[in-house]
There are 2 protein chains.
Amino acid sequence: MRLPNHPLTETLSLVRVLHALSDPVRLNLVQSLATKGEQACGALNLNVAKSTASHHFRVLREAGVIQMRPDGTQFLNSLRKEDLEQRFPGLLDAVLRASKADDI
Amino acid sequence: MRLPNHPLTETLSLVRVLHALSDPVRLNLVQSLATKGEQACGALNLNVAKSTASHHFRVLREAGVIQMRPDGTQFLNSLRKEDLEQRFPGLLDAVLRASKADDI
DNA sequence: TCAATAGTTCGATATTTATCGAACTATTGA
DNA sequence: TCAATAGTTCGATAAATATCGAACTATTGA
């Protein structure tokens, strides 16, 4: 079983979270998870190579923005909304709201 | 007279803003401006070389996070609070609030 | 048992970025 | 007029990052 590491809510770093969100591919990914809910990696059409997509998922996971849970041959990804809200209140909502106002 | 370029509020890019904020030196700088109000570059003790500080001010300015107005031999810097609030409501407040909760 | 599916890891590469010191420019106050 | 002050620009460098393809690993369904 592949169990990727997820940082604890209390240890999340603001700089890390902001950096994770400051890439067009990743922001697009986060936006998709926000609207579609839990999704497998492949279900999100990122228009990059598989290895590149894997890289971006890892950056988001290690920053604490998403969680990945194994499900058969795939991973189901979702936003850590509650955790982020607890650690950095209002931040994710503001980014998601902004990402709709922006073309990215 | 040195008049640096400032992007229009309507053209601010979310990715650019998040990237500008995702550096420890710059986040610290933004935090200082938020608490102290308008400040000259030299008044903020960034603990980096003058040229490096200048670079960070430029990144923040070009992202639209700060505005710089010439005043004698120096520049007075301030946050573009209202502009950011208009373009990306709640974002700056959430980041500032988070930056207090975080060690950066 | 085994092929198919879903991601990860690895090695390479090109780009971006943070950093510095030195030289430069602009403004003011004496 | 000129020295002092405040930043900027330039050139160099080291580190981080986004990207890819190929090889690998883990899981399931037939």
Side-chain angles (χ1 to χ4, degrees), chain A residues 1-7 13-33 36 38-63 65-78 104, chain B residues 1-7 13-33 36 38-63 65-78 104:
Chain A
M1 186 73 89
R2 300 162 295 176
L3 282 173
N5 274 359
H6 289 82
S13 146
L14 178 59
V15 165
R16 246 173 131 80
V17 167
L18 291 174
H19 171 257
L21 294 172
S22 72
D23 174 274
V25 174
R26 291 193 291 265
L27 192 51
N28 183 23
L29 195 166
V30 165
Q31 208 178 210
S32 293
L33 287 182
K36 300 179 184 172
E38 196 176 43
Q39 295 283 317
C41 301
L44 302 160
N45 199 6
L46 301 181
N47 293 323
V48 291
K50 232 167 39 151
S51 52
T52 303
S54 182
H55 161 69
H56 287 305
F57 279 101
R58 183 153 68 118
V59 171
L60 286 168
R61 174 171 51 76
E62 291 182 344
V65 177
I66 66 172
Q67 53 200 345
M68 307 174 71
R69 65 179 182 90
D71 176 49
T73 67
Q74 52 186 21
F75 276 114
L76 293 182
N77 304 281
S78 56
I104 300 182
Chain B
M1 186 74 87
R2 299 162 294 175
L3 282 172
N5 273 358
H6 289 82
S13 147
L14 177 58
V15 165
R16 247 175 131 80
V17 168
L18 291 175
H19 171 256
L21 295 172
S22 73
D23 173 274
V25 174
R26 291 194 291 266
L27 192 51
N28 183 24
L29 195 166
V30 165
Q31 209 179 209
S32 293
L33 288 182
K36 301 179 185 173
E38 197 175 44
Q39 296 284 317
C41 299
L44 303 160
N45 199 6
L46 302 182
N47 293 321
V48 292
K50 232 168 39 152
S51 52
T52 303
S54 182
H55 160 71
H56 287 305
F57 278 102
R58 183 153 67 118
V59 170
L60 286 169
R61 173 171 51 76
E62 291 183 344
V65 177
I66 66 172
Q67 53 200 344
M68 307 175 70
R69 65 181 183 89
D71 175 50
T73 66
Q74 51 187 23
F75 277 113
L76 293 181
N77 304 281
S78 55
I104 298 181

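Chain identifiers are assigned alphabetically (A, B, ...) following the order of the sequence lines, protein sequences preceding nucleic acid strands; residue numbering begins at 1 within each chain.
For the segment residues 52-63 of chain B, the set of residues with a heavy atom within less than 4.0 Å of an atom of DNA chain D comprises B:S54, in numerical order.
Among the nucleotides D:dA6, C:dT19, D:dG21, the one closest to any side-chain atom of B:V25 is C:dT19. When each of D:dT8, C:dG7, D:dC20 is scored by its nearest atom to the side-chain atoms of A:A40, the top-ranked nucleotide is C:dG7. In the set D:dA6, D:dG21, D:dA18, the nucleotide with an atom closest to the side chain of A:A49 is D:dG21. Side-chain proximity of B:H19 to the nucleotides C:dA18, C:dT8, C:dA22 is greatest for C:dA18.
The nearest whole Å value for the distance from the CG atom in B:N28 to the P atom in C:dA18 is 15 Å. Distance A:K50 NZ to D:dA26 C1': 12 Å, rounded to the nearest Å. With rounding to whole Å, A:N47 atom CG is found 14 Å from D:dT19 atom C1'. Atom CD of A:Q74 is separated from atom C1' of C:dT8 by 15 Å (rounded to the nearest Å). Distance, A:L46 CG to C:dA6 P: 15 Å, rounded to whole Å. Taking atom CZ of residue B:R26 and atom C1' of nucleotide C:dA18, one finds them 9 Å apart after rounding to whole Å. Between the CZ atom of A:F75 and the P atom of D:dT27 there is a distance of 9 Å, rounded to whole Å. Regarding A:R69, its CZ atom lies at a distance of 15 Å from the C1' atom of D:dT27, rounded to whole Å.
Stem regions for DNA chain C, each three or more consecutive Watson-Crick or G-U pairs with both distances under 3.5 Å and listed by first number, read C:1-30 with D:1-30.
Every residue meeting the side chain to side chain donor-acceptor pair (under 3.5 Å) condition with A:H56, not counting sequence neighbours, appears here in chain and number order: A:R26. Contacts of B:S78 classified as side chain to side chain donor-acceptor pair (under 3.5 Å), with partners at least two apart in sequence or in another chain: B:Q67.
The stretch residues 41-50 of chain A participates, sequence neighbours left out, in no salt bridge (Lys or Arg N to Asp or Glu O under 4.0 Å) pair at all.
Put simply, the side chain of B:H6 does not reach to within 4.5 Å of the side chain of B:E62, judged on heavy atoms. Taking the side chain as every heavy atom from C-beta outward, A:Q74 and A:L76 approach each other to under 4.5 Å. With a 4.5 Å cut-off on side-chain heavy atoms, A:T52 and A:F57 do not count as touching. Residues A:N47 and A:N45 meet the side-chain proximity criterion, which asks for heavy atoms closer than 4.5 Å. Residues B:L33 and B:L44 meet the side-chain proximity criterion, which asks for heavy atoms closer than 4.5 Å. Here the side chains of B:E38 and B:R69 are in contact, with some heavy-atom distance below 4.5 Å.
Without hydrogens or angle criteria, B:S22 side chain to B:H19 main chain gives a donor-acceptor distance under 3.5 Å. A donor-acceptor pair under 3.5 Å is absent between the side-chain atoms of B:R61 and the main chain of B:M68, judged by distance alone.
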(message) Run the side chain to side chain contact (heavy atoms under 4.5 Å, CB included) test on B:V15 and A:D23 for me, step by step, so that the C-alpha distance in whole Å, both residues' side-chain angles and the decisive distance to 0.1 Å come before the verdict.
(response) CA-CA 6 Å; B:V15 165; A:D23 174 274; over 6 Å; no
Detail all sub-3.5 Å separations between protein N/O atoms and N/O atoms belonging to nucleotides 28-30 of chain C.
none

